[in-house]
Amino acid sequence: MAIRVITEKCVGCKLCIPTCAQGAISFVDKKAVIDVIKCNYCGACIDACKKFKAILIEIDRKVSDQDLSLYKGIWVYAEQRNGEMASVVYELLGEGRKLAEQLGEELSAVLLGDGVTCQAEDLIQHGADNVYVVDNPKLKDFQDDTYAMAMAELCEEYKPNIVLTGATAIGRSFIPKVAVILETGLTADCTQLGIDDYTKLLLQTRPAFGGNLMATITCTNFRPQMSTVRHKVFKKASKDVSRKGKIFTKVLADDLLKSRTKLIEFVKEMESTVNLSEADIIVSGGRGLGEAKNFALVRELAELINGAVGASRAAVDAGWIPYSHQVGQTGKTVCPKLYIACGISGSIQHMAGMQSSETIIAINKDPNAPIFEIATYGIVGDLFEVIPAMISAIKNR
Amino acid sequence: MNIVVSIKQVPGTTKVAINPATNTLIRAGVEAIINPFDMYAIEEAIRLREKFGGKVTCITMGPPQAEEALKSAIAMGADEGILVSDRAFAGSDTLATSYTLAMGIKKLGQFDIILTGKQAMDGDTAQVGPGIAQWLDIPFIAWVKKIEDVKKDAKTIRVERMMDDGYEVLEGPLPILLSVVKEINEPRTESLRGKMKAKSFKATVYSAKDIEADPDFIGLRGSPTIVNRVFVPVRSGKKELVEGATVEEKVSKVVASLRESKLVN
Ligand SMILES: Cc1cc2nc3c(=O)[nH]c(=O)nc-3n(C[C@H](O)[C@H](O)[C@H](O)COP(=O)(O)OP(=O)(O)OC[C@H]3O[C@@H](n4cnc5c(N)ncnc54)[C@H](O)[C@@H]3O)c2cc1C
Ligand SMILES: Cc1cc2nc3c(=O)[nH]c(=O)nc-3n(C[C@H](O)[C@H](O)[C@H](O)COP(=O)(O)OP(=O)(O)OC[C@H]3O[C@@H](n4cnc5c(N)ncnc54)[C@H](O)[C@@H]3O)c2cc1C
Ligand code: SF4
Ligand code: SF4
């Protein structure tokens, strides 16, 4: 899609300028100029310039042969492994409910696995109007082939308008295949969702370039509109045991559920500490700690407030702490309720992994450290004084 | 064994520019590098060749300048480089990109293993790898942190897939597509011999016609996702430094607010 002013036709009447809610139109050399970064293609200026037809939106897009009006409802993929529901599912149900209300459509969950039917009720209690279940021994382990096939089958049969999946190791692996089977668009790793008032399209906003750029993406001409969604950005749906909903059990032909890959074994590799990406509280240490043994200070604070331990890449590269603790563009992306950065300067790459944390405390002796720009509370000071002071303040209440 | 590595050229800086006409990114003028995650894929391919013999072919879709990425791959030790390039590919989203690369790989012919990086540093979607596998209808395993074993004759492979809480050992048949994570190896630097070879290297160029691409599936036209708006996230810019004469005073203010919001007891 592209928008432009045909300079030869523009008479410089300025009629278009006030109609643009985005402030995208400016005036250069007596002609209108559109800043396409600001423009959201609402078309208001085109109406304003009906007389001169100087503004043009060009679209060279394939148009779908689907009847888009047949696609209804918001679907949430209810990711579970060995019977354990991923926490992002409840967040998606919470957000999905809002979208459903805005569109006046139903919210449904999709449950794939072996012996999972019993979990459908829980999804209904968290807001699903319907649950589509494929319960089959062939779906016991997650495999891309079988899960993608089952999901695509359901989409083809029931025609959802929107499909939301957690941006987890599993979701980001098999959903792209589903999008290819359905020949529709997929927006990765969204941190914001909304419905356009006018077009009713799903507005999917996501970070790219390691968080330096945000993009709002729509899937205008194809259905379903699919996104993977980052965890911990939306509020969990609350549970209401009195909620009622429908459960649809779908039996799929055996030859659809053939996996070419197979699971030999699963090796659990978690440290005794809390899983970083799931943690509500994270205390991270950076180069400012000076040496490996000083991580004890960070650990002590973390333990005291039931937090997990994170680190900057500088600390990981120095060998003070294993890579699995690294937060940032090339490490884990985290969005805890509380993130405490100790002796971390706040490089773009580090902030890309933690800037959506709810509350950020930065401890740094340099008042100009960039980390202070995103901190809720910035404490300028020597961490070797600040952390012990914090520990004793929390202990002595 | 024929190994294909799909590599992407990305801007070496995080500075970004946007093309006003198409709302896509401008790549020219910025120093370009091989997507860092793809270096691990190239390294793993070379190791497989060293063990089992065969050939490493790197393929990239991009503008003519993307040949530079292939040159660096040759300097590292890859045998061949294919540049899939055509104006008609401009503006591709991941559906169109994966279709185009799949068609390019098809034209290439025989392959046993296709490797991709975990994700690209710019687009960041991690969707192209699984996409290519689906278009080619071959098995796919994401987040591979180790190739344990390849049985050349039985045509099977055993790998470790990284999950959020550990790893899975998986087995699958060849041909297969794997996306690799940085734990898999330590990429080598360019060798002197490689650099010599890279000097005279000319990439084989595939156009849209060469790969027999359906015009409805490539470029902006074949891309269902539409980037409506690109913006630089606003950082508050203002600093909320906690005031206080002593460390204890500052800390007690913060801890009090944390207690208030029930973040600590
Ligand atoms: C492609 C790429 C990917 C990257 N990915 C990541 C990533 O995923 N995660 C990541 O973290 N980094 C990443 N980096 C590295 C990043 O650019 C920074 O180099 C790194 O984050 C710096 O870590 P740091 O803040 O601990 O160290 P520094 O930048 O050296 O900061 C140390 C800070 O500690 C403060 N300090 C020192 N002593 C004290 C004290 N006694 N008390 C209080 N404060 C003190 C200093 O004022 C300083 O601000 C990446 C880089 C590149 C190029
Ligand atoms: C700000 C922004 C946001 C975007 N968001 C989306 C989105 O949500 N959904 C969407 O469909 N498109 C999106 N796009 C378009 C997308 O970036 C392009 O389609 C891009 O060509 C491929 O996606 P990627 O960079 O995310 O690669 P990834 O899928 O992250 O790359 C994974 C691996 O695939 C291989 N690979 C990727 N591209 C190439 C290539 N050109 N040549 C050879 N190998 C390659 C590499 O091995 C790489 O490591 C976005 C673009 C921008 C600028
Ligand atoms: S309304 Fe049309 S003619 Fe008038 S300034 Fe805007 S583009 Fe030009
Ligand atoms: S299309 Fe809408 S947002 Fe874009 S320039 Fe015109 S009025 Fe402004």
Side-chain angles (χ1 to χ4, degrees), chain A residues 1-2 36-37 40-41 60-62 144 168-169 172-173 176-177 180-181 184-188 208-210 212-220 222 260-270 275 277 305 337-338 348 361 372-381 385-386 389-390 393-394, chain B residues 14 16 18 20-23 93-95 98 121-127 130-131 133-135 139-143 162-173 216 220-222 224-233 235-237 239-242 247-248 250-252 254-255 263-264:
Chain A
M1 184 143 54
V36 291
I37 296 175
N40 67 2
Y41 303 98
D60 174 32
R61 293 280 180 176
K62 185 171 54 154
D144 293 272
T168 58
R172 292 186 86 182
S173 175
K177 287 166 61 85
V180 171
I181 297 173
T184 189
L186 171 61
T187 305
F209 277 79
N212 282 310
L213 208 66
M214 301 292 289
T216 302
I217 292 172
T218 55
C219 180
T220 310
F222 295 85
R260 290 166 289 193
T261 53
K262 70 167 188 270
L263 179 69
I264 307 297
E265 63 172 330
F266 172 67
V267 181
K268 207 164 167 70
E269 233 193 2
M270 278 271 288
N275 181 354
S277 17
I305 56 180
K337 295 203 176 101
L338 175 61
I348 282 169
I361 299 180
F372 286 130
E373 283 167 36
I374 61 160
T376 329
Y377 305 105
I379 306 178
V380 179
E385 292 172 28
V386 178
M390 235 173 163
I394 292 168
Chain B
T14 41
V16 284
I18 295 151
T22 55
N23 226 7
D93 72 355
T94 61
L95 188 74
S98 57
M121 291 296 267
D122 50 354
D124 265 353
T125 67
Q127 289 173 182
Q134 187 60 44
W135 286 113
F140 165 68
I141 299 176
W143 333 126
M162 198 139 94
M163 301 297 274
D164 293 328
D165 53 353
Y167 67 89
E168 290 179 345
V169 181
L170 297 166
E171 219 170 68
D216 269 353
L220 209 55
R221 184 170 170 76
T225 61
I226 297 177
V227 180
N228 285 291
R229 197 162 90 90
V230 181
F231 56 102
V232 177
R235 300 232 161 83
S236 71
K239 298 182 200 166
E240 303 282 345
L241 295 184
V242 180
V247 163
E248 281 70 25
K250 293 180 192 171
V251 165
S252 68
V254 174
V255 171
L263 284 165
V264 302

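Residue numbers start from 1 in every chain, and the chains themselves are labelled A, B, ... in the order their sequence lines are given, proteins ahead of strands. All values below were derived from every heavy atom in this structure, side-chain atoms included, with hydrogens, water molecules and symmetry-related copies excluded.
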Among B:Ile141, B:Asp93, B:Val169, single out the residue with the greatest number of heavy-atom pairs under 4.5 Å to chain A.
B:Val169
Smallest separation among heavy atoms of B:Thr125 and A:Arg172, with atom names:
O-NH2, 3.0 Å
Between B:Trp143 and chain A, which part of the residue has a heavy atom less than 4.5 Å away: side chain, backbone, both or neither?
side chain
Greatest number of non-hydrogen atom pairs under 4.5 angstrom with chain B, of A:Leu263, A:Leu338, A:Ile305, falls to A:Leu263
If we define contacts as heavy-atom pairs under 4.5 Å, which of A:Val267, A:Thr376, A:Val380, A:Thr168 has the most with chain B?
A:Val267
Roughly how far, to the nearest 0.5 Å, is the OG1 atom of A:Thr187 from the CD atom of B:Gln127?
7.5 Å
Check for a donor-acceptor pair, side chain of A:Arg260 on one end and backbone N or O of B:Phe140 on the other, with a separation under 3.5 Å.
no
Hey, which of A:Ala208, A:Pro176, A:Gly378, A:Ala389 has the most heavy atom pairs under 4.5 Å with chain B?
A:Gly378
Criterion side chain to side chain contact (heavy atoms under 4.5 Å, CB included) against B:Thr225, the qualifying member of A:Ile217, A:Leu186, A:Thr184:
A:Ile217
From the list A:Ala169, A:Gly185, A:Ala188, the residue making the most non-hydrogen contacts under 4.5 Å with chain B is A:Ala169
What pair of heavy atoms forms the shortest contact from B:Pro139 to B:Ala133, and how long is it?
O-CB, 4.3 Å
Quick check for you: to the nearest 0.5 Å, what is the distance between B:Tyr167 atom OH and A:Glu265 atom CD?
6.5 Å
Under 4.5 Å from a heavy atom of chain A, the part of B:Leu95 involved
side chain
Max heavy-atom pairs within cutoff under 4.5 Å with chain B, candidates A:Val386, A:Thr216, A:Ile361, A:Ile379, goes to A:Thr216
Under 4.5 Å to a heavy atom of chain B? For A:Tyr377 that would be both
Go through the structure and list residues passing side chain to side chain contact (heavy atoms under 4.5 Å, CB included) with B:Gln134, not counting sequence neighbours.
A:Lys177, A:Val180, A:Ile181
